[in-house]
Amino acid sequence: MDKFIIQGPTPLKGTIPISGSKNAALPLMAASLLGDSPSTLNLIPRLKDIYTFGKVISETGAGLQFFEDENRMVIDPATIHSYEAPYDLVRQMRASFYMMGALIGRAGEAKVSLPGGCAWGPRPVDLHLKGFEKMGIQIDLDQGYVHGSIKKNRVEGGVFKLNPSSVGATINLVLGAVKRAKKFIIENAAMEPDVVLLCKMLQKMGADIEGVGTDCLTIRKVEKLNGVTFSNDPDRIETGTFMIAAALHPDSEITLTGCKPEDLGKFPKSFRKLGVETRIDGKNIYIRSVKKINPVSVTTKIYPGFPTDLQAQWATLMTQAEGFSKVTDTIYFDRFSYVPELNRLGANLSIDKNSVSIKGKTALQGAKVMSTDLRASVSLVMAALVAEGQSDILRVYHLDRGYEQLEVKLNNVGASIQRVPE
Ligand code: UD1
């Protein structure tokens, strides 16, 4: 296991290129399995989660080549001979559960391990399963595995309302329906950019999906989907994370390149309230920090609201704002494992139900802290960048799941981060 040794404080100055989106890439990889020929995916980030999902895909017998230097992946589904995603891989990454939809779509059957919980609590998949059943798929649970199968030759489909709206369930059900369900309607479907991109790829492959980008998707079965060449989108969460990092230190000046600002939803609206100079120009986002940041309270919501994947970073930023603020998560109620760690660095945060109250501005001091999950980890790195002295961030493998070359990108703009074995 590696740790980061970070010397702070350091302002960030220069240009940071944004990588391809992790959360969007995984469904695109799953969609490739539905084609009759190989698909080529561009802008695929070199991340632990991508490699893990690559292994899950390879387990089925599909061909997979990752041209890492070019961030290009080619997936050939022709050789698939197994319809199983084993526990050892699924437990490492919940998105492996997308194999349910992908394999039902491809073969009419799937055996996928139930993913289990997460560092920040239970993350159910009941809606995925109910949706498949509503579609006409037989679902059986056996020894921690979900078996999905098509009993009759035809799956008529139906109408399924997601409550709450779920990104994961929408993706899985779309994957399962496009080649199977005569007509399947998903109401209150997630509208996250990841879902929209998946639908666009499937449409390019030949799928019949109506309502893309809205909260009601109507899917009508097609017999055949073709492999395609398709480009992933830039990572909106990485973009937001670096915007926040640029605002943290009063002397930072950063340009993010290769962004897709329209995918950020209402995040820039909250960001502008900080008083930080922000300019969005095509695919570039320019940020110049200021001495005094305004406290800005946020509440996470489904897209286009403030993303749950940015709340930990926002709370970190609020430790440097002049005054009191609150971060509330309405998607996941206990995603606050970063709070005691930030307090170890000298922050003044307290948890009340699904909210964190932050009293700023506090001078942060370097310390040893522990990463607990992906977004918590990146928050600790950001806090360490403005903390006085040395911080050791333990267990950074969480970061490798979701941020491509984080320390390289930050060191290029002035940070002092060393990766060493723990
Ligand atoms: C969520 C985020 C996503 C983020 C991901 C990882 C939202 C809407 N989704 O996606 O942007 O990238 O975390 O950090 O912000 N639920 C059920 N039953 C299910 C599935 C979900 O009750 O079968 C609930 C969840 O507990 C949650 C809500 O629905 O409260 C949203 O779920 P979903 O969008 O699927 O969550 P993730 O895919 O984890």
Side-chain angles (χ1 to χ4, degrees), residues 20-27 30 45 47-50 53 90 93-101 112 114-135 139 141 146 148 160-176 186-198 215 233 235-241 263-267 298-314 327-338 353-354 372-379 398-399 401-403:
S21 162
K22 167 177 87 76
N23 288 344
L26 298 167
L47 296 171
K48 181 89 193 334
D49 276 6
I50 299 290
F53 198 48
V90 178
M93 196 196 49
R94 293 178 48 85
S96 310
F97 203 62
Y98 293 151
M99 290 305 274
M100 214 48 224
V112 179
L114 277 168
C118 209
W120 72 82
R123 293 172 76 187
V125 288
D126 56 312
L127 291 172
H128 304 227
L129 302 183
K130 281 184 196 142
F132 283 129
E133 282 181 331
K134 192 84 194 186
M135 201 187 292
I139 295 289
L141 300 181
V146 182
F160 185 62
K161 183 167 185 172
L162 285 168
N163 187 15
S165 174
S166 151
V167 177
T170 305
I171 287 172
N172 230 344
L173 295 174
V174 168
L175 288 167
I186 308 174
E187 292 180 348
N188 202 24
M191 296 186 288
E192 263 71 358
D194 320 346
V195 175
V196 174
L197 195 70
L198 167 73
D215 67 353
D233 271 341
D235 196 311
R236 65 195 173 102
I237 304 300
E238 189 197 24
T239 306
T241 300
D263 278 358
L264 296 176
K266 291 188 182 146
F267 175 76
V298 296
T299 299
T300 69
K301 299 238 171 71
I302 58 171
Y303 187 81
F306 193 99
T308 171
D309 277 346
L310 286 173
Q311 59 97 338
Q313 299 89 312
W314 194 265
V327 169
T328 304
D329 198 331
T330 64
I331 308 289
Y332 286 106
F333 292 166
D334 46 5
R335 206 180 177 183
F336 299 120
S337 60
Y338 61 89
K353 297 198 187 99
N354 62 328
T372 46
D373 68 61
L374 173 57
R375 309 300 170 187
S377 307
V378 82
S379 311
H398 291 292
L399 285 170
R401 284 189 42 218
Y403 287 91

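Order of listing sets the numbers, starting from 1, for every ligand and every atom in it.
Taking each heavy atom of Gly20 and Pro45 in turn, the nearest pair found is O-CG, 3.3 Å. Closest approach of Met191 and Tyr303 over heavy atoms only: O-CD2, 3.4 Å.
Screening Phe97, Phe160, Tyr98 against His128 for a ring pair (Phe, Tyr, Trp, His ring centres under 6.0 Å) leaves a single residue, Phe97. When each of Ile331, Thr328, Asp329 is tested with Gln311 by the rule side chain to side chain contact (heavy atoms under 4.5 Å, CB included), just one qualifies, namely Asp329.
Contacts of Leu127 with ligand 1, taken as heavy-atom pairs under 4.0 Å, involve both backbone and side chain. Counting heavy atoms under 4.0 Å from ligand 1, residue Ala190 does not touch it at all. Proximity of Glu192 to ligand 1, defined as any heavy-atom pair under 4.0 Å, is confined to the side chain (atoms from C-beta onward). With a 4.0 Å cut-off on non-hydrogen atoms, Asp126 touches ligand 1 through its backbone as well as its side chain. For Lys130, no heavy-atom contact with ligand 1 is shorter than 4.0 Å. Residue contacts with ligand 1, taken as heavy atom pairs separated by less than 4.0 Å, involve Tyr332 solely via side-chain atoms from C-beta onward.
Taking every heavy atom of Ser165 and a limit of under 4.0 angstrom, the matching atoms of ligand 1 come to 31 (C). Close approach of ligand 1 to Val125 (heavy-atom distance below 4.0 Å) involves ligand atoms 19 (C), 23 (O). Close contacts of ligand 1 with Asn23, meaning ligand atoms under 4.0 Å from a residue heavy atom, involve 12 (O). Residue contact check: Gly168 has heavy atoms under 4.0 Å from atoms 35 (O), 38 (O) of ligand 1. Applying the 4.0 Å criterion to heavy atoms of Ile302 picks out, from ligand 1, the atoms 8 (C). Near Arg335, the atoms of ligand 1 lying under 4.0 angstrom from a non-hydrogen atom of the residue are 14 (O). For ligand 1 and Thr308, the ligand atoms under 4.0 Å from any heavy atom of the residue are 2 (C), 15 (O).
At under 3.5 Å, not a single nitrogen or oxygen of Lys301, backbone or side chain, sits near a nitrogen or oxygen of ligand 1. At least one N or O atom of Ser166, backbone or side chain, sits closer than 3.5 Å to an N or O atom of ligand 1.
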For Asn188 and Ser165, run side-chain hydrogen bond (donor to acceptor under 3.5 Å, both in side chains): C-alpha distance rounded to whole Å, both residues' side-chain angles, the deciding distance at 0.1 Å, then the answer.
CA-CA 6 Å; Asn188 202 24; Ser165 174; 4.6 Å; no

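In this pair, Phe267 and Phe306 present their aromatic rings tilted. The plane angle is within the 30 to 60° band.
Here Lys22 contributes atom NZ and Asp235 contributes atom CG; the two are 8.0 Å apart, rounded to the nearest 0.5 Å. Note that CG of Leu310 and OG1 of Thr241 are 5.0 Å apart. Values are rounded to the nearest 0.5 Å. Leu127 contributes atom CG, which lies 9.0 Å from atom OG1 of Thr170 (distance to the nearest 0.5 angstrom).
The stretch residues 188-197 participates, sequence neighbours left out, in these salt bridge (Lys or Arg N to Asp or Glu O under 4.0 Å) pairs: Asp194-Arg236.
If you check each of Pro164, Pro115, Ala95 against atom 24 (C) of ligand 1, the one with the closest non-hydrogen atom is Pro164. With atom 20 (C) of ligand 1 as the reference point, the heavy atom nearest to it among Ala169, Ser21, Pro124 is part of Pro124. Of the listed residues (Asn172, Leu129, Asp309), the one carrying the non-hydrogen atom nearest atom 12 (O) of ligand 1 is Asp309.
For the side-chain hydrogen bond (donor to acceptor under 3.5 Å, both in side chains) test, no residue two or more places apart in sequence or in another chain qualifies with Asp263.
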